[in-house]
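Quick caveat: nothing in here was measured; it's all calculated off a predicted structure.
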Amino acid sequence: MPDRATQPVDRQLPTEEARDLISLVRDIAQQEIVPKAAEEEDAGRFPRELFTLLSRSGLLGLPYDSEYGGGDQPYEVYLQVLEELAAARLTVGLGVSVHSLASYALAAYGTKEQQVEHLPAMLGGGMLGAYCLSEPHSGSDAAALRTKAVRDGDAWVITGTKAWITHGGIADFYTVMARTGEEGPRGITAFLVPGDAPGLSAAPPEKKMGMKGSPTAQVHFDGVRVLDDRRIGEEGQGLTIALTALESGRLGIAACAIGLAQAALDEALSYATERRQFGKPIADFQGLRFMLADMATQIEAGRALYLAAARLRDAGRPFARQAAMAKLHCTDTAMRVTTDAVQILGGYGYTADFPAERYMREAKVLQIVEGTNQIQRMVIARHLVGPEER
């Protein structure tokens with residue numbers, strides 16, 4: 001059975017331009033994404049041509065400055081675009097979020113010259129980005145990374161391996177955190193590395209339980225040489241840049257999670273109103289009605305939470321605590337809602353003939369990427385009661 005189109009969400013948008021943008025995204029989703037989603041995910045195919053279309057449509061640089069090819073959209077709007085894309089296919093929504101994350105370092109910390117040279121192609125020139133922080137031995141403990149960058153005249157030579165890299169092996173540019181100094185958080189620097197740099201290679205993509213169409217791979221740097229003009233920010237500023245980017249990136253994951261949950265709810269609603277047992281639609285049974293009510297409530301709460309955090313960000317106010325809360329709540333919601341959707345469909349929910357089982361498999365990774373939900377609880381607790389005693 002083909003994926004079913006989600007019901008339009010009644011959105012509160014700040015401008016007419018934003019409403020037109022959402023309409024454009026919905027048209028692209030229904031015409032270009034939804035019809036191929038199940039088949040391409042099953043085949044493990046990444047829709048690169050679709051990302052070219054999204055770039056030409058101005059959807060890969062929405063939260064960035066129009067001077068460099070961005071869309072000048074507030075995060076409040078950008079995140080709702082992500083939600084719409086993720087509801088159509090998580091591989092697409094998450095891919096746009098990761099591309100935005102990879103572009104953040106240069107957009108926020110790059111020099112004017114760097115931004116003029118690189119951002120137009122990154123934001124609207126068809127390029128696709130990847131963000132390289134995690135390593136085989138340093139995931140949650142990002143400050144323990146081992147990839148090194150050694151200065152050699154007017155260049156740096158990067159050696160090491162990054163792990164769990166979305167778009168690994170297919171990206172046109174990689175935002176890479178590498179150690180240039182002492183051990184710990186102060187010895188890390190950020191670099192913008194071309195995807196075709198000599199010495200850069202990727203391992204075969206990981207075999208995952210979900211999101212099979214989105215390549216996740218180790219990326220190897222074997223003496224990759226980059227000029228110093230591709231260093232982003234100051235030496236030793238890399239971890240600060242990385243973690244600041246992740247604050248915004250967590251909101252992207254939250255929005256994608258709510259999009260996925262909304263798709264699962266829509267699928268469950270469609271099935272429950274059409275499937276008949278004991279002479280009436282199963283949606284008439286109180287047990288299922290209560291499940292659907294809980295699913296809808298959790299989704300609305302998650303949407304309100306990520307939008308509240310986005311509005312803080314747009315106002316230039318601190319939002320790290322709220323971003324962690326949004327990532328935690330929205331991804332846990334996606335897991336609960338997709339699991340309940342499978343239950344509502346019963347045996348059919350366990351088959352690949354309906355998309356509910358794929359939604360459930362995809363939801364799990366959202367509780368892990370860009371800081372596990374255990375890490376989010378640590379972040380929230382630190383904001384509430386201060387750092388842990390050593």
Chemist: According to a hydrophobic-cluster definition based on side-chain heavy atoms being under 4.5 Å apart (Ile, Leu, Val, Met, Phe, Trp, Tyr only), do Phe278 and Phe290 belong together?
Modeler: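 Phe278 does not cluster with Phe290.
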
Chemist: Please tell me if the side chains of Ser214 and Thr166 come closer than 4.5 Å, counting only heavy atoms from C-beta onward.
Modeler: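 Heavy-atom side-chain distance check passes, below 4.5 Å.
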
Chemist: Counting only N and O atoms by type, is there a donor-acceptor contact under 3.5 Å from the side chain of Ser66 to the main-chain atoms of Gly69?
Modeler: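 Checking the backbone N and O of Gly69 against the side chain of Ser66, no donor-acceptor pair under 3.5 Å is found.
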
Chemist: Looking only at non-hydrogen atoms, find the nearest pair between Val98 and Gly129 and report the distance.
Modeler: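 Reported closest heavy-atom pair: CG1-O, 4.2 Å.
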
Chemist: Is there a side-chain contact between Tyr306 and Met325 in this structure, where contact means two heavy atoms from C-beta onward sitting under 4.5 Å apart?
Modeler: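 A side-chain contact is absent here, since even the closest heavy-atom pair is not under 4.5 Å.
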
Chemist: Could you check Val369 against Trp164 for side-chain contact (heavy atoms from CB on, under 4.5 Å), going step by step and ending with a plain yes or no?
Modeler: CA-CA 9 Å; Val369 296; Trp164 310 112; over 6 Å; no

Chemist: In terms of hydrophobic clustering (I, L, V, M, F, W, Y; side-chain heavy atoms under 4.5 Å; direct or indirect links), are Leu328 and Ile253 co-clustered?
Modeler: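 No, because Leu328 and Ile253 fall into different hydrophobic clusters, even though each may have its own neighbours under 4.5 Å.
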
Chemist: Show your working on side-chain contact (heavy atoms from CB on, under 4.5 Å) between Lys208 and Arg361 and close with a plain yes or no.
Modeler: CA-CA 9 Å; Lys208 301 175 296 186; Arg361 289 186 288 105; over 6 Å; no

Chemist: Is there a donor-acceptor pair under 3.5 Å between the side chain of Thr351 and the backbone N or O of Tyr348?
Modeler: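 Yes, the answer is positive, given that a donor and an acceptor are paired below the 3.5 Å cut-off.
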
Chemist: Sort out for me which residue in Glu267, Arg303, Glu300 forms a side chain to side chain contact (heavy atoms under 4.5 Å, CB included) with Gln262.
Modeler: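 Exactly one option meets the side chain to side chain contact (heavy atoms under 4.5 Å, CB included) with Gln262, and it is Arg303.
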
Chemist: Any chance you could lay out the salt bridge (charged side-chain N to carboxylate O under 4.0 Å, His left out) test for Glu67 and Lys112, step after step, and finish with the verdict?
Modeler: CA-CA 11 Å; Glu67 180 182 356; Lys112 181 73 172 180; 2.6 Å; yes

Chemist: Show the numbers, then the answer: is there a salt bridge (charged side-chain N to carboxylate O under 4.0 Å, His left out) between Asp152 and Arg225?
Modeler: CA-CA 9 Å; Asp152 181 21; Arg225 186 180 181 87; 2.6 Å; yes

Chemist: I need the Asp228 CG to Thr189 OG1 distance, nearest 0.5 Å.
Modeler: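 One gets 10.0 Å once the value is rounded to the nearest 0.5 Å.
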
Chemist: State yes or no: are the ring centers of His167 and Phe173 separated by less than 6.0 Å?
Modeler: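 Not close enough - the centres of the two rings lie 6.0 Å or further apart.
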
Chemist: Using a strict threshold of under 4.0 Å (side-chain N to carboxylate O), is an ion pair present between Asp332 and Lys327?
Modeler: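 So Lys327 does not pair with Asp332 through a salt bridge.
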
Chemist: For the residue pair Thr331 / Asn373, report whether a side-chain donor-acceptor contact shorter than 3.5 Å exists.
Modeler: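 Side-chain D/A pair, Asn373 to Thr331: present.
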
Chemist: Specify the closest pair of heavy atoms between Met177 and Ala242, including all atoms of both residues, with the distance to one decimal.
Modeler: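 Met177 and Ala242 have their closest heavy atoms at CE-CB, 3.8 Å.
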
Chemist: Flag the pair Glu76 / Pro14 as yes when at least one side-chain heavy-atom distance between them is below 4.5 Å, and no otherwise.
Modeler: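 A side-chain contact under 4.5 Å exists here.
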
Chemist: The criterion is side-chain hydrogen bond (donor to acceptor under 3.5 Å, both in side chains); which residues satisfy it with Gln237, sequence neighbours excluded?
Modeler: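 side-chain hydrogen bond (donor to acceptor under 3.5 Å, both in side chains) list for Gln237, sorted by chain: empty.
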
Chemist: Side chains of Arg313 and Ser248: does their closest heavy-atom pair fall under 4.5 Å?
Modeler: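 Counting from C-beta outward, Arg313 and Ser248 do come under 4.5 Å.
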
Chemist: Could you tell me the separation between the CE atom of Met360 and the CG atom of Leu260, rounded to the nearest 0.5 Å?
Modeler: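 Taking CE in Met360 and CG in Leu260, the distance rounds to 11.5 Å.
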
Chemist: Could you walk me through whether Arg336 and Asp294 pass salt bridge (charged side-chain N to carboxylate O under 4.0 Å, His left out), step by step?
Modeler: CA-CA 10 Å; Arg336 285 193 299 269; Asp294 286 345; over 6 Å; no

Chemist: What distance separates Tyr78 OH from Asp314 CG, expressed to the nearest 0.5 Å?
Modeler: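 Going from OH on Tyr78 over to CG on Asp314, the span is 12.0 Å.
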
Chemist: In Å, rounded to the nearest 0.5 Å, how long is the span from OG1 of Thr244 to OH of Tyr104?
Modeler: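 Taking OG1 in Thr244 and OH in Tyr104, the distance rounds to 5.5 Å.
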
Chemist: Does the pair Val337 and Asp340 meet the rule for a side-chain contact (heavy atoms from CB on, under 4.5 Å), with working shown?
Modeler: CA-CA 5 Å; Val337 168; Asp340 284 348; 5.7 Å; no

Chemist: Mind listing the closest non-hydrogen atom pair of Arg179 and Glu182 along with its distance?
Modeler: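 The answer is NH1-O, 2.6 Å.
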
Chemist: Going from CG on Leu145 to OG on Ser138, what distance comes out if it is rounded to the nearest 0.5 angstrom?
Modeler: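 Here the interatomic distance stands at 5.0 Å.
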
Chemist: State, with a plain yes or no, whether a side-chain heavy atom of His118 is found less than 4.5 Å away from one of Leu192.
Modeler: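 A side-chain contact under 4.5 Å exists here.
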
Chemist: Between Glu135 and Lys162, is the salt bridge (charged side-chain N to carboxylate O under 4.0 Å, His left out) condition met? List the steps.
Modeler: CA-CA 4 Å; Glu135 299 184 358; Lys162 294 296 182 177; 2.9 Å; yes

Chemist: Report yes if the side chains of Pro47 and Glu40 come closer than 4.5 Å at any heavy-atom pair, otherwise no.
Modeler: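 They are in contact (side-chain heavy atoms under 4.5 Å apart), so the answer is yes.
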
Chemist: Contact between Pro63 and Gln73 at the side-chain level, heavy atoms closer than 4.5 Å - yes or no?
Modeler: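 Pro63 vs Gln73: side chains apart.
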
Chemist: Consider only side-chain heavy atoms of I, L, V, M, F, W and Y, link residues closer than 4.5 Å, and tell whether Ile232 and Tyr64 are in one cluster.
Modeler: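 Looking at the clustering, Tyr64 is in the same group as Ile232.
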
Chemist: Salt-bridge test for Arg358 and Glu41: reply yes if a basic N is under 4.0 Å from a carboxylate O, no otherwise.
Modeler: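 No, no charged N to carboxylate O under 4.0 Å.
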
Chemist: Are any of the side-chain heavy atoms of Leu106 and Thr175 separated by less than 4.5 Å?
Modeler: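 When only atoms from C-beta onward are counted, Thr175 and Leu106 do not touch, as no gap falls below 4.5 Å.
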
Chemist: Write down the atom of Tyr350, the atom of Val342, and the distance for their closest heavy-atom approach.
Modeler: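 Residues Tyr350 and Val342, closest heavy atoms: N-CG1, 4.3 Å.
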
Chemist: Which atom pair, heavy atoms only, marks the closest approach of Val92 to Leu54?
Modeler: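 What the structure gives for the nearest pair is CG1-CD1, 3.8 Å.
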
Chemist: Quiz question: by atom type and distance under 3.5 Å, do the side chains of Thr161 and His220 form a donor-acceptor pair?
Modeler: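 Judged by distance alone, the side chains do pair up.
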
Chemist: Would Arg231 count as a cation-pi partner of Phe191, with NZ or CZ less than 6.0 Å from the six-membered ring centre and within 45° of the ring normal?
Modeler: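 Judged by the rule (NZ or CZ under 6.0 Å from the ring centre, within 45° of its axis), Arg231 is not positioned above Phe191.
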
Chemist: Main chain of Thr111, side chain of Gln114: is a donor-acceptor contact present, judged purely on distance under 3.5 Å?
Modeler: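 Flag set: sc Gln114 to bb Thr111 pair under 3.5 Å.
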
Chemist: State yes or no: do Val224 and Leu227 share one hydrophobic cluster built from I, L, V, M, F, W and Y residues joined by side-chain heavy-atom distances below 4.5 Å, directly or via other members?
Modeler: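 No; tracing contacts between hydrophobic side chains, which count when under 4.5 Å, never links both residues.
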
Chemist: Under the side-chain contact (heavy atoms from CB on, under 4.5 Å) rule, what do Lys364 and Met335 come out as? Steps first, then yes or no, please.
Modeler: CA-CA 6 Å; Lys364 186 60 203 174; Met335 194 73 248; 3.8 Å; yes

Chemist: Has Lys148 got its NZ or CZ under 6.0 Å from the middle of the six-membered ring of Phe221, at an angle within 45 degrees of the ring axis?
Modeler: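 Cation-pi check for Lys148 and Phe221: fails.
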
Chemist: Parallel, tilted or perpendicular: which describes the rings of Phe51 and Phe46, with under 30° parallel and over 60° perpendicular?
Modeler: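 Because their plane-to-plane angle is under 30°, the rings of Phe51 and Phe46 count as parallel.
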
Chemist: Any chance CD of Gln12 has more than 12 other-residue heavy atoms, nucleotides or ligands included, within less than 6.0 Å?
Modeler: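 Check fails, neighbour count at 12 or below.
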
Chemist: Measure from the side-chain N and O atoms of Thr147 to the backbone N and O of Gly160, and report whether any donor-acceptor pair falls under 3.5 Å.
Modeler: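 No, because the side chain of Thr147 does not come within donor-acceptor range (under 3.5 Å) of the backbone of Gly160.
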
Chemist: More than 12 foreign heavy atoms under 6.0 Å from CD of Glu206: is that the case here?
Modeler: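 Yes.
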
Chemist: Pick out which of Glu32, Glu84, Glu83 makes a salt bridge (charged side-chain N to carboxylate O under 4.0 Å, His left out) with Arg26.
Modeler: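 Exactly one option meets the salt bridge (charged side-chain N to carboxylate O under 4.0 Å, His left out) with Arg26, and it is Glu84.
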
Chemist: Minimum heavy-atom separation for Glu357 and Ala352, please, with both atom names.
Modeler: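 Distance-wise, the nearest heavy atoms are OE2-CA, 3.8 Å.
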
Chemist: Is it the case that one hydrophobic cluster holds both Leu21 and Leu307, taking links as side-chain heavy atoms less than 4.5 Å apart, direct or via other members?
Modeler: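 Leu21 and Leu307: one cluster.
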
Chemist: Rounded to the nearest 0.5 Å, how far does CG of Leu312 lie from CZ of Arg317?
Modeler: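 Between Arg317 CZ and Leu312 CG, I get 5.0 Å after rounding to 0.5 Å.
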
